[in-house]
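For the numbers below, each heavy atom of this structure counts, side chains included, while hydrogens, waters and symmetry mates do not. Positions are given from 1, in the same order as the sequence printed here. Just so it is clear, the structure is predicted and the values come from calculations on it, not from any experiment.
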Amino acid sequence: MLQGMKKLFGGIDLTWPKVIIAAIIAGAITAVFAIVPAFHYTSFITITATLEVWIFFGIVIIMNSKSNLDSALKCFVFFLISQPLVYLIQVPFSYMGWQLFQFYKYWFYWTVLCLPMGYVGYYMKKNKWWGYLILLPMIGITALSYYQYFSMMQFYFPKYILIVLFCAFGMIFYPVLIFDDKRIQLTGAAIGSVLVIALSAICFMRPPVYSAEILGTTENRKITENCKVFFADPKYGDVSIVYEPNIDEYMVRADFKKAGDTVLTLEMEDGTVRVYDVHIERDTYSVTKRD
């Protein structure tokens, strides 16, 4: 499989029409991922927010270019077409309309940086040990994405598993696919493997938790320290009664550990039971009382 993929990193006749067509396709697909709700909170939405997939595109362009200048210009044009197109396609579907382009500033900076990065990146084709030093910042950015999305995968499992595998593959195998020198391949793959293992271990030791006070006084019935509260399925996290001195009241605090839907049961001090449907995301939630 690696031998077949190696052709992708230097065996393509990358003409200008191909670069332009690829940029249009990449921009259109990215916009679709941003527009369609089914892709949200999945591996596919990550291309709209972080760089790891775009780094892959950039490396493919660099490795199939014919000179430093050719590499710089093709990387620049690819981003110059694809990134504005992402926002242009979204405009009719977004409540923000043309204001969406305020988010393009971030990607415009990276587009400009494509000129020096594409120019310098071409030296990776020289198959020298210092070529790996050129690649290393790209591996570093991919490693940051790996750490971010591994944590997201823990919260949303099995969602985000594809992007986690993609990042791990890139960190380990980019040196193998880009270089022919066995020493560079082995050293690069070893460094990538250590990064994957270390970042995975950190994520396992620090699993994501989203904490919030989700319930207070309702229907003129105050929560007291003697109330009892629990989730129907404890895998979604822990709930407890806590005192909030700022408002001088007791509230239900949740430490969410997994996204999804569960049921919260609150037993009042007089024995009255209230049941709530809880929907959990990584950075938001909703609590709805059952009739």
Verify same cluster id: Ile21, Leu14 (apolar side-chain graph, 4.5 Å): yes
Backbone of Asp13 reached by a side-chain donor or acceptor of Lys18 within 3.5 Å: yes
Residue pair Phe56 / Phe169, side-chain heavy-atom distance below 4.5 Å: no
Straight-line distance of Leu162 CG to Cys167 SG, nearest 0.5 Å: 11.0 Å
Exercise: identify the closest heavy-atom pair between Phe9 and Ile178: CD2-CG1, 4.1 Å
Minimum heavy-atom distance between Arg274 and Tyr276, given as atom pair plus value: CD-OH, 3.5 Å
Phe108, CZ atom: more than 12 neighbouring heavy atoms under 6.0 Å: no
Short side-chain to backbone donor-acceptor contact, Lys258 and Phe157, under 3.5 Å: yes
Let me check something: any side-chain donor-acceptor pairs from residues 259-266 under 3.5 Å, sequence neighbours excluded? List them with distances.
{"residue": "Asp261", "atom": "OD1", "partner": "His279", "partner atom": "ND1", "Å": "2.7"}

Spacing of Tyr250 atom OH and Lys222 atom NZ [to the nearest 0.5 Å]: 11.0 Å
ILVMFWY cluster, Val164 and Leu144 together (side-chain gap under 4.5 Å): no
Backbone N/O of Glu281 and side chain of Thr284: donor-acceptor pair under 3.5 Å: no
Rounded distance (nearest 0.5 Å) linking atom CE of Met152 with atom CD1 of Ile45: 10.5 Å
Of all pairs that satisfy salt bridge (charged side-chain N to carboxylate O under 4.0 Å, His left out), the ones with a partner from residues 125-153, not counting sequence neighbours: none
Interatomic distance, Ser94 atom OG to Gln99 atom CD [nearest 0.5 angstrom]: 9.0 Å
Sequence-distant partners of Ile29, side chain to side chain contact (heavy atoms under 4.5 Å, CB included), two or more places apart: Ile25, Phe33
Where Met171 and Ile139 come nearest, the two heavy atoms and their spacing: O-CD1, 3.6 Å
Residue pairs fulfilling side chain to side chain donor-acceptor pair (under 3.5 Å) with at least one residue in residues 61-71, sequence neighbours excluded: Asp70-Lys74
Closest non-hydrogen atom pair between His40 and Ala34, with its separation: NE2-O, 2.9 Å
Parallel, tilted or perpendicular: ring planes of Tyr285 versus Tyr210, cut at 30 and 60 degrees: tilted
Common cluster, Trp129/Tyr122, ILVMFWY with side-chain heavy-atom separation under 4.5 Å: no
Test of ring centre spacing under 6.0 Å for Phe79 and Trp54: yes
Rounded distance [0.5 Å steps], CD1 in Ile141 versus CD in Glu52: 10.0 Å
Side chains of Thr224 and Glu269, donor plus acceptor under 3.5 Å: yes
Heavy-atom closest contact (Leu177 atom, Lys6 atom, distance): O-NZ, 3.0 Å
Side chain to side chain contact (heavy atoms under 4.5 Å, CB included) involving Phe103 - partner list, sequence neighbours excluded: Tyr87, Met96, Leu100
Mind listing the side-chain donor-acceptor pairs of residues 233-246 below 3.5 Å, one per line with the distance, residues two or more places apart or on another chain?
{"residue": "Asp233", "atom": "OD1", "partner": "Lys235", "partner atom": "N", "Å": "3.2"}
{"residue": "Asp238", "atom": "OD2", "partner": "Lys257", "partner atom": "NZ", "Å": "2.9"}
{"residue": "Tyr243", "atom": "OH", "partner": "Asp248", "partner atom": "OD1", "Å": "2.5"}

Student check: side-chain heavy atoms of Phe44 and Val36 closer than 4.5 Å: no
Partner set under side chain to side chain contact (heavy atoms under 4.5 Å, CB included) for Ile81, not counting sequence neighbours: Ile20, Ala23, Ile24, Val77
Residues in salt bridge (Lys or Arg N to Asp or Glu O under 4.0 Å) contact with Asp283, at least two apart in sequence or another chain: none
Heavy-atom neighbours of Glu213 CD exceed 12 at 6.0 Å: yes
Approximate separation, where rounding is to 0.5 Å, of Ile280 CD1 and Arg282 CZ: 11.5 Å
Donor-acceptor pair, side chain of Thr42 and main chain of Phe39, under 3.5 angstrom: yes
Without placing hydrogens or testing angles, list every side-chain donor-acceptor pair under 3.5 Å for residues 185-205, not counting sequence neighbours.
{"residue": "Gln185", "atom": "NE2", "partner": "Val176", "partner atom": "O", "Å": "3.1"}
{"residue": "Gln185", "atom": "NE2", "partner": "Phe179", "partner atom": "O", "Å": "2.8"}
{"residue": "Thr187", "atom": "OG1", "partner": "Arg183", "partner atom": "O", "Å": "2.8"}
{"residue": "Ser193", "atom": "OG", "partner": "Ala189", "partner atom": "O", "Å": "2.8"}
{"residue": "Ser200", "atom": "OG", "partner": "Tyr146", "partner atom": "OH", "Å": "2.5"}
{"residue": "Ser200", "atom": "OG", "partner": "Val196", "partner atom": "O", "Å": "2.7"}

Sub-4.5 Å side-chain heavy-atom contact between Cys75 and Ile62: yes
Contacts of type ring-ring contact (aromatic ring centres under 6.0 Å, His included), residue Tyr41, not counting sequence neighbours: Tyr156
Close side-chain approach of Met138 and Met124, heavy atoms under 4.5 Å: yes
Cluster check Val32, Ile47: I/L/V/M/F/W/Y, side chain < 4.5 angstrom: yes
Ala28: side chain to side chain contact (heavy atoms under 4.5 Å, CB included) partners, not counting sequence neighbours: Ile89
For Phe78, ring-ring contact (aromatic ring centres under 6.0 Å, His included) partners two or more places apart: Phe57
Any side-chain heavy-atom pair of Phe166 and Val53 under 4.5 Å: yes
Contact check, side chains of Thr50 and Tyr149, non-hydrogen atoms, under 4.5 Å: yes
Within-4.5 Å side-chain heavy-atom neighbours: Trp130 and Tyr123: yes
Minimum heavy-atom distance Ser43-Thr46, with the two atoms named: O-OG1, 2.6 Å
Cluster link Val275 to Met268, ILVMFWY, side chain under 4.5 Å: no
Worked check of side-chain contact (heavy atoms from CB on, under 4.5 Å) between Ile223 and Glu249: CA-CA 8 Å; Ile223 296 174; Glu249 284 192 8; over 6 Å; no
Distance-only polar pair, side chains of Thr142 and Tyr174, donor-acceptor under 3.5 Å: no
Within-4.5 Å side-chain heavy-atom neighbours: Val86 and Trp107: no
